[in-house]
Engineer: 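Let me begin by handing over the structure; questions about it come next.
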Amino acid sequence: MWWPRLGVPPTPFRQWGRATHSSWSFAQLGAFIAYKARKAGVPVVYVDPAYTSRTCAECGHIDKANRVSQAWFACRNCGFVDHADRNSSRNIRARARELWRRGAPSTAPAPPRTPRSEAGRKRSITVSDARCASPSL
């Protein structure tokens with residue numbers, strides 16, 4: 001059990017919060033990111049994450065032994081040491097930049113433009129606008 005080490009027993013709220021945050025699938029997270037990016041007009045490029053946790057962000061050396069622990073990365077070639085997640089994110093960023101530079105298409109196009117005359121206008125339905133499908137009695 002993990003809680004005797006921390007001295008805090010799990011509460012129902014902590015268990016609920018943990019379940020809601022860790023139950024997202026990568027596909028669902030990707031869909032949320034693509035939706036928000038499309039809404040903001042930000043390009044999205046998908047990158048193959050293979051070997052990003054074993055690759056050195058400084059020299060590019062790939063080795064399983066580079067991953068010292070779950071949290072730390074230490075390159076056996078150049079001696080670079082960093083937090084494992086930060087090193088992996090730098091590798092993913094470098095791959096995305098390379099794909100973008102080569103002309104990879106964005107999967108999140110710009111949002112559709114609305115005409116200026118209708119931009120910001122809200123339409124409310126009044127009683128006279130509402131139409132009833134049933135015949136009047």
Side-chain angles (χ1 to χ4, degrees):
M1 291 192 306
W2 63 269
W3 64 269
R5 287 181 286 165
L6 298 177
V8 179
T11 61
F13 177 75
R14 282 198 183 110
Q15 290 173 349
W16 175 83
R18 197 171 346 142
T20 58
H21 291 298
S22 63
S23 65
W24 279 15
S25 67
F26 285 115
Q28 185 180 19
L29 177 61
F32 286 153
I33 291 171
Y35 164 75
K36 291 291 188 178
R38 191 176 309 113
K39 193 172 180 181
V42 176
V44 174
V45 176
Y46 288 96
V47 176
D48 182 17
Y51 301 105
T52 55
S53 63
R54 298 178 181 184
T55 305
C56 179
E58 292 294 316
C59 70
H61 177 71
I62 302 172
D63 191 357
K64 187 175 183 178
N66 284 347
R67 192 70 183 260
V68 178
S69 68
Q70 181 72 25
W72 290 103
F73 176 90
C75 182
R76 303 291 182 198
N77 188 41
C78 69
F80 175 70
V81 177
D82 198 4
H83 190 276
D85 290 341
R86 184 172 189 276
N87 181 67
S88 297
S89 66
R90 289 178 64 195
N91 288 325
I92 291 171
R93 179 183 62 193
R95 288 183 185 183
R97 283 181 176 166
E98 181 63 24
L99 285 172
W100 187 255
R101 194 175 59 76
R102 290 183 183 179
S106 171
T107 56
R113 298 198 172 207
T114 57
R116 289 223 178 247
S117 61
E118 295 182 20
R121 290 179 57 198
K122 293 184 179 178
R123 179 163 159 68
S124 60
I125 297 177
T126 60
V127 177
S128 61
D129 290 340
R131 302 211 194 291
C132 182
S134 62
S136 58
L137 299 174

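In this text, all values refer to a predicted model and were calculated from it rather than measured experimentally.
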Engineer: Where do Ala37 and Val44 come nearest, in terms of heavy atoms and distance?
Structural biologist: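 Taking every non-hydrogen atom into account, CB-CG2, 3.3 Å.
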Engineer: Going by heavy atoms in the side chains, are Asp82 and Glu58 under 4.5 Å from each other?
Structural biologist: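 No. Closest side-chain heavy atoms not under 4.5 Å.
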Engineer: To check you understand the geometry: which heavy-atom pair defines the closest contact between Gly30 and Tyr46, and what is its length?
Structural biologist: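 The pair with the smallest heavy-atom distance is O-OH, 3.9 Å.
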Engineer: Identify whether the distance between the nearest side-chain nitrogen and carboxylate oxygen of Arg95 and Glu98 falls below 4.0 Å.
Structural biologist: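 Between Glu98 and Arg95 there is no salt bridge, as every charged N stays at least 4.0 Å from the carboxylate O atoms.
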Engineer: Roughly how far, to the nearest 0.5 Å, is OG of Ser53 from CD of Gln70?
Structural biologist: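 Answer rounded to 0.5 Å: 9.0 Å.
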Engineer: CZ of Phe73 to OG1 of Thr55: how many Å apart, nearest 0.5 Å?
Structural biologist: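 The CZ atom of Phe73 sits 7.0 Å away from the OG1 atom of Thr55.
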Engineer: Are Ile92 and Ile62 connected in the hydrophobic side-chain network, where two residues link if heavy atoms are under 4.5 Å apart?
Structural biologist: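 Looking at the clustering, Ile62 is in a separate group from Ile92.
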Engineer: Can you tell me how far apart NE2 (His83) and OG (Ser89) are? Round to the nearest 0.5 Å.
Structural biologist: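 These two atoms lie 10.0 Å from each other.
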Engineer: Is there a path from Trp100 to Val47 through hydrophobic residues (I, L, V, M, F, W, Y) whose side chains come within less than 4.5 Å of each other?
Structural biologist: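 Yes, Trp100 connects to Val47 through the hydrophobic network.
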Engineer: Which heavy atom in Val45 sits nearest to a heavy atom in Ala104, and how many Å separate them?
Structural biologist: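 Shortest heavy-atom separation between Val45 and Ala104 comes out as CG1-CB, 4.4 Å.
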Engineer: Kindly compute the distance separating CZ (Arg86) from CZ (Arg93), expressed to the nearest 0.5 Å.
Structural biologist: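 Taking CZ in Arg86 and CZ in Arg93, the distance rounds to 7.5 Å.
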Engineer: Of all the heavy-atom pairs spanning Asn77 and His61, show the shortest one and how long it is.
Structural biologist: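 Looks like CB-CG, 3.6 Å.
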Engineer: On a heavy-atom basis, which atom in Ala57 and which in Asn91 lie closest, and how many Å separate them?
Structural biologist: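 Result for this residue pair: CA-OD1, 3.3 Å.
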Engineer: Looking at every heavy atom in both Asn66 and Cys56, which two are closest together, and how far apart are they?
Structural biologist: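 Looking at all heavy atoms of both residues, the shortest contact is ND2-N, 4.5 Å.
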Engineer: Is a side-chain donor or acceptor of Arg76 paired with a backbone partner of Ala65 at a separation under 3.5 angstrom?
Structural biologist: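 Indeed, once roles are kept as given, a pair shorter than 3.5 Å links the two residues.
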Engineer: Nearest 0.5 angstrom please: Trp72 CH2 to Asp85 CG, how far?
Structural biologist: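 Nearest 0.5 Å value for the CH2-CG distance: 10.5 Å.
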